[in-house]
Amino acid sequence: MAASVAPSAAASAAAGKLTVGYLPKDIVNQYFAAAKTGVDKAAAETGSKVIQVGPNEAKADLQIPFITDLTTQKVSAIIISADGKDEVAPALKAAMAAGIKVVGFDSSPAVGAYNVFVNQVDFSGVGVNLSDWACELAPSCTGDIAILSAAATATNQNAWIDLMKTTLKLDKYKGLKLVDTVYGNDDSTVSTTQAQGLLTKYPNLKVIVAPTTVGILAAAQVVKQAGKSATVKVTGLGFPNDMKPFVKDGTSPVFGLWSVPDLGYLSYMVAAKLVSGEITGKEGESFTVKGLNGDKPYTIGKDGVVILGPAFRFDKTNVDNFNF
Ligand code: RAM
């Protein structure tokens, strides 16, 4: 009787069946659950397996053992949103040296510690969006504004904040004064305390800009509960479903985000194409993903970056049309 032989990992990978490690900033934040729906959908199309691992808090040092563990398991690829770009780099480089493809998404690991980084949106675009929304919400585009961010080490947050600061130097925004940047660590409790602190410390605050789905929701709840929705506005990056009530009651009349499930879908597809050899992550390579980008090609840019697409702007005219 012939012994049944389990297919080798290489044979499975060649058939497009992969085992992919999905490592978000933390496993509590709903943002990463939403992205995972896209990862899972893409994986299901090829019968691949997704293993989600990650810390309970968005801390870079807590991500390292998960990377090491996925490397030991010899997964085909790791899809990671980094809590700190340099902290996770050595472990990711070791994974790459072991033949594992690394796809950064959402928040980038250091250049050289991934094969491709899937950016949700052009960084500078977000810097302009955040400045524009603050300008729109502050009376005559003047007054104190403050930023409520996620973790102080988060690559995506810091890039957006830097580009917002650059944008705010333009003449159009000269009436806006950025008085503070505080960090809620993508933790609801910490974000709530930080938002309350801003209201106490800056009695003339006009806008809280929170480029984090956790922070914007906490800030809107705090402003509403303080009875300040008429004088302090909240904007940034949030889920339409979380923010609908605050659009309607005037606490947060405008904010934005991208399709988070699509970000996960694209990240998985990039991982699969790296494993199959269709792409290597070199600048100038292009590829298509059916159903995304109007079926037009994506081109890998400088530092191995692929951009999903522009952010949506949500306000009372369209927020009800979105369901995520
Ligand atoms: C939070 C996280 C994530 C960011 C979104 C907008 O969920 O900080 O990294 O992309 O907000």
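First listed ligand is number 1; within each ligand, the first listed atom is number 1.
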Ligand-side contact atoms (ligand 1) for residue partner [X], heavy atom cut-off under 4.0 Å:
| X | result |
| --- | --- |
| Gln157 | 8 (O) |
| Lys25 | 2 (C), 3 (C), 8 (O), 9 (O) |
| Gln120 | 10 (O) |

Asn321 atom CG, over 12 foreign heavy atoms within 6.0 Å: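 Count over threshold, so yes.
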
Mutual orientation of the aromatic rings belonging to Tyr114 and Phe117 [parallel < 30°, tilted 30-60°, perpendicular > 60°]: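 Judged by the thresholds at 30° and 60°, the geometry between Tyr114 and Phe117 is tilted.
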
Would you say [X] touches ligand 1, if touching means a heavy atom closer than 4.0 Å?
| X | answer |
| --- | --- |
| Pro211 | yes |
| Asn29 | yes |
| Gln30 | no |
| Trp160 | yes |

Structural part of Asp186 in contact with ligand 1, heavy atom criterion under 4.0 angstrom: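 Side chain only; the backbone of Asp186 stays clear of ligand 1.
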
Evaluation steps, salt bridge (charged side-chain N to carboxylate O under 4.0 Å, His left out), between Lys290 and Asp295: CA-CA 5 Å; Lys290 204 166 173 304; Asp295 290 342; 5.3 Å; no

For atom 10 (O) of ligand 1, closest protein heavy-atom neighbour: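 I find the closest protein heavy atom is Asp106 OD1, 2.6 Å.
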
Atom 1 (C) of ligand 1 - nearest protein heavy atom and its distance: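 Nearest neighbour among protein heavy atoms for atom 1 (C) of ligand 1, to 0.1 Å: Thr213 OG1, 3.4 Å.
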
Listed partners of Glu57 passing side chain to side chain contact (heavy atoms under 4.5 Å, CB included), at least two apart: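 Checked Glu57 against side chain to side chain contact (heavy atoms under 4.5 Å, CB included); matches are Lys59, Leu62.
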
Intermediate values then yes/no, side chain to side chain contact (heavy atoms under 4.5 Å, CB included), Leu199 and Tyr202: CA-CA 6 Å; Leu199 293 188; Tyr202 305 101; over 6 Å; no

Qualifying residues under salt bridge (Lys or Arg N to Asp or Glu O under 4.0 Å), relative to Asp40, sequence neighbours excluded: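 Salt bridge (Lys or Arg N to Asp or Glu O under 4.0 Å) list for Asp40, sorted by chain: Lys36.
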
Tyr22 and Phe105 aromatic centres sub-6.0 Å: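 Under 6.0 Å, so yes.
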
Pairing of Glu285 and Lys273 as salt bridge, 4.0 angstrom limit: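 Judged by the 4.0 Å cut-off on N to carboxylate O distance, Glu285 and Lys273 do not form a salt bridge.
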
Backbone or side-chain N or O of Asn156 under 3.5 Å from ligand 1 N or O: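 Between Asn156 and ligand 1 (N or O atoms, distance only) the closest approach is under 3.5 Å.
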
